[in-house]
Amino acid sequence: MGSLIDLNLYPDSPLTDAAATAFLTLNVPKLEPKEEPFDEPPNFHTNFTNPNFDSAPNTQPDASKPVEQDVNGNDVYSEFNRISELFNAAFSGKTEKYDETEAIDPDSRAIVPVPEEEIQHSAVVDSSRRRNHQRSGELVRVTNLGLEDERYFRHVVRKTRMIYDSLRVFVSMEDEKRRNNHHVFGRNRNARGDLKSASVMKDRGLWLNRDKRIVGAIPGVYVGDIFFFRMEICVVGMHGLPQAGIDYLTSSQSSNGDPIATSIIVSGGYEDDQDAGDVIIYTGQGGQDKYSRQADHQRLEGGNLAMERSMHYGIEVRVVRGFRYEGSPSGKVYVYDGLYKVVGSWLETGKSGFGVIKFKLVRMENQPEMGSVVLKYAENLRNGPLESRPGGYVCMDMSMKKEKMPVFLFNDIDNNHEPMFYEYLPTSKVVFALERNGGEFAYDQNGLLVRGKPLIFECGPHCSCPPNCRNRVSQNGIKNRFEVFRSKETGWGVRSLDLIQAGSFICEYTGVILTREQAQLFSINGDNLIYPNRFGERWAEWGDLSQIFSDYVRPSSPSVPPLDFALDVSRMRNVACYLSHSSCPNVLVQLVLYDHSNFAFPHLMMFAMENIPPMRELSLDYGEADEWTGKLSICN
DNA sequence: GCAACATCAACTAT
DNA sequence: CATAGTTGATGTTG
């Protein structure tokens, strides 16, 4: 029997039927590792602080600098953009006269020679690899990131995800137009925007972490981050394969010839999987027919062998879990749950009677709570708040039924009930007449904001369109269950019990509108005035496809005069008032008109800039941080 | 229910 | 021996 076990440890010695039959009569046999071929894992580059760009900041945090700038005062995106330009040039037919000896000057946009001493540090991978679109085989573990680096990578990941999401929406809207204009036989199906978006970004060199094989955490991706598409995970460099569940460094790329698994996706696609959270029994890949039925024995090769080798060397593996999830555009969500170690592997008879390879994975210590656990917890809170969390509720609906969904008020820290002292104001008061919408749809079929604009017109009370008209989104009120909660870090904060997809409407920022003159009378007590003209223009970031289309121009119409009013929230306010400030916010403000046509007093509507997991604090860029004392800057 | 889809590792041909 | 081209495996999505 022992020889059978060894026989199956090599990729070129697949399990024969006879061997498998004999083998499977054993009780959960242990797979012995290869005869200790190496004591050491393949070569690693450790303490590698910046896997993307050699010249990115790697310094101690400096709280005095705005996050948008690096230590040299440069725009943090400039390097990102520079690399993108290089890739763009490389993929647009200019490859022949374009190599690492040239670069695009970030200021003049002209092609300039790269100084000799910088060439060998170029972040651009070698030309043959670039041409073949292939990933590098360099094994890297990212450690000891400073706060500044963390923020930098978060920005890059966030920006990349925004491009992916808005391009995906853009592609499906174009496809919808096309199908409406030309009735094509047999092509009524929606385009795969998820695939197309990723593909275009790949051609533009916008996928992250292609030049390294990262073992362990991906910089800028947090435990609990949520993805709606497999391709989205590929684009940020978490998992390089659009379908396969095990991503790995191949033996031919490994310095010692052993393949190494870097990441798995547990999607429940294998009947023999068992998932207990901290401990996963993961089924290897292979042996399924085209209907995803287990129809053959699995072999210890490819990703399966890589998992076994990762176990042998004690190398950590990223775990993403896939769930069915109502409300997701794809019907599923993928949650990054952190790092696990493979602690065991064996062969056993699966439910369908074929040999399957099992891996036991155990979650590593000292990591943030699992995203999938938080998802489950939030679901319990939605179904029975008091059962799941008996203590701490101040009020089960501080809007007093003025919102369509309850707004919970939660405080388990102190006895502060302050939000109850204000009248709840679901929408800012307006008294003018209606303006019609102009031109293209502002929202897609699912009510997602396509791209930010200076001002959006929704249909209003005088339109003859039905109430479920696609052009009525923000006026229909909140769709999520929010909770105002007391926090030691940020005072009051807001979080959602629901998963919020990027581009979704969150809520209006309400208050009593004061003109400049009125506000000046009020300014003795300035704490309770909000100045919307100070809000960061984050709407411009949403749907910014300038890195995809060279002729992309930032929307400039309709032109809106600078906002010249203040919101008085001293007596009446809504849930929005409790949002914390961040220079790396997950919520943006989009100006919207629907019930009147006065450009001077638009509604301040808030939309999600990211996929926001349940229980994660919402944050908004209030502009100058000094103006909003008491609110700390957070970045997650 | 099922076709279309993207990527890559591994293979074959040049 | 190196590189260019092909194929099979993988599972998701509408």
Side-chain angles (χ1 to χ4, degrees), chain A residues 10-12 14 126-137 164 168-169 171-173 175-176 179 184-204 206-207 209-210 213 227-254 257-271 273 282-307 309 320-325 328-334 356-357 444-446:
Chain A
Y10 298 91
D12 56 351
D126 71 81
S127 56
S128 64
R129 180 169 295 145
R130 198 186 333 159
R131 202 163 47 243
N132 293 333
H133 294 212
Q134 277 169 5
R135 288 192 292 176
S136 155
Y164 177 82
R168 185 179 62 77
V169 173
V171 166
S172 49
M173 301 259 300
D175 184 62
E176 187 192 14
R179 280 180 292 121
V184 188
F185 288 109
R187 278 294 289 137
N188 289 326
R189 170 176 310 186
N190 285 338
R192 287 286 299 270
D194 59 316
L195 299 182
K196 186 71 181 169
S197 177
S199 193
V200 169
M201 288 180 72
K202 185 159 180 282
D203 286 346
R204 295 288 193 280
L206 294 173
W207 286 29
N209 304 318
R210 298 278 296 175
R213 296 292 187 119
F227 304 82
F228 287 106
F229 297 91
R230 281 288 294 249
M231 274 302 182
E232 206 179 347
I233 308 174
C234 294
V235 169
V236 300
M238 280 271 284
H239 192 92
L241 305 168
Q243 297 185 192
I246 305 172
D247 195 8
Y248 62 103
L249 180 81
T250 60
S251 54
S252 63
Q253 291 171 309
S254 171
D258 270 351
I260 297 295
T262 54
S263 137
I264 66 169
I265 297 186
V266 190
S267 284
Y270 283 84
E271 61 194 10
D273 279 353
Y282 186 70
T283 309
Q285 61 190 187
Q288 291 190 329
D289 63 14
K290 59 178 177 175
Y291 305 109
S292 298
R293 292 179 304 215
Q294 205 65 44
D296 201 351
H297 303 299
Q298 292 186 342
R299 298 166 176 185
L300 194 58
E301 60 189 32
N304 296 343
L305 183 63
M307 287 287 279
R309 292 287 83 195
V320 172
R321 282 190 168 79
F323 298 94
R324 304 218 133 276
Y325 195 88
S328 157
S330 67
K332 293 186 83 168
V333 292
Y334 299 91
V356 292
I357 299 170
D444 79 345
Q445 306 94 311
N446 304 310

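A, B, ... follow the sequence lines: proteins, then strands. Residue 1 opens every chain.
A donor-acceptor contact under 3.5 angstrom links the side chains of A/Q253 and A/R213, judged on distance only.
Look at A/S267 and you'll find a side-chain N or O under 4.0 angstrom from OP1 or OP2 of C/dT12. Between A/R135 and B/dT7 there is no side-chain N or O to OP1 or OP2 distance below 4.0 Å. Listed pair A/Q288 / C/dG11 meets the phosphate criterion, a side-chain N or O lying under 4.0 Å from OP1 or OP2. Contact annotation: A/K202 side-chain N/O to B/dC8 OP1/OP2 distance is under 4.0 Å. A/Y334 has a side-chain polar atom (N or O) that falls below the 4.0 Å cut-off from OP1 or OP2 of C/dT13. In this structure, A/R210 reaches the B/dC8 phosphate: one of its side-chain N or O atoms is under 4.0 Å from OP1 or OP2.
Across the protein-nucleic acid pair, A/D175 atom CG and B/dC5 atom C1' stand 14 Å apart, rounded to whole Å. The nearest whole Å value for the distance from the CG atom in A/L249 to the P atom in B/dA9 is 9 Å. Distance CZ (A/R293) to C1' (C/dA9): 18 Å, rounded to an integer number of Å. Regarding A/K332, its NZ atom lies at a distance of 11 Å from the P atom of C/dG11, rounded to whole Å. Between the P atom of C/dG14 and the CG atom of A/N446 lies a distance of 10 Å, rounded to the nearest Å. A/L241 has its CG atom 12 Å from the P atom of C/dT10, to the nearest Å. For the pair A/D273 CG and C/dG11 P, the computed distance is 10 Å after rounding to whole Å. Between the CG atom of A/L195 and the C1' atom of B/dC5 there is a distance of 5 Å, rounded to whole Å.
A donor-acceptor pair is defined here as one N or O able to donate and one able to accept, closer than 3.5 Å; no such pair exists between the side chain of A/E301 and the backbone of A/A306. In this structure, A/Q298 contributes its side chain and A/G287 its backbone to no donor-acceptor pair below 3.5 Å. Remark: side-chain polar atoms of A/S172 are paired, donor with acceptor, to backbone N or O of A/V169 under 3.5 angstrom. A/D247 places no side-chain N or O within 3.5 Å of a backbone atom of A/H239 that could act as its donor or acceptor partner.
A/R230 comes within 4.0 angstrom of sugar-phosphate atoms only, judged by non-hydrogen atoms across all strands, and of no base. Here A/R213 lies in heavy-atom contact (under 4.0 Å) with sugar-phosphate atoms only. Looking at heavy-atom distances under 4.0 Å, A/G322 makes no contact with the nucleic acid at all. Among the protein residues, A/K196 comes within range of no part of the nucleic acid, since none of its heavy atoms lies under 4.0 Å from any strand. Counting any heavy atom pair closer than 4.0 Å across all strands shown, A/S292 reaches no nucleic acid atom.
Of the candidate nucleotides B/dT7, B/dA10, C/dT12, B/dT7 has the atom nearest to the side chain of A/S199. With C/dT13, B/dA6, C/dT10 as the candidates, the nucleotide lying closest to the side chain of A/A244 is C/dT10.
Closest approach of A/Y334 and A/S267 over heavy atoms only: CE2-OG, 3.7 Å.
Toward the 5′ end of DNA chain C lies the nearest nucleotide of A/Q285, the other residue of the pair A/Q285 and A/F228 mapping further downstream. When each of A/Y291 and A/M231 is assigned the nucleotide of DNA chain B with its nearest heavy atom, A/Y291 is the one assigned upstream, toward the 5' end.
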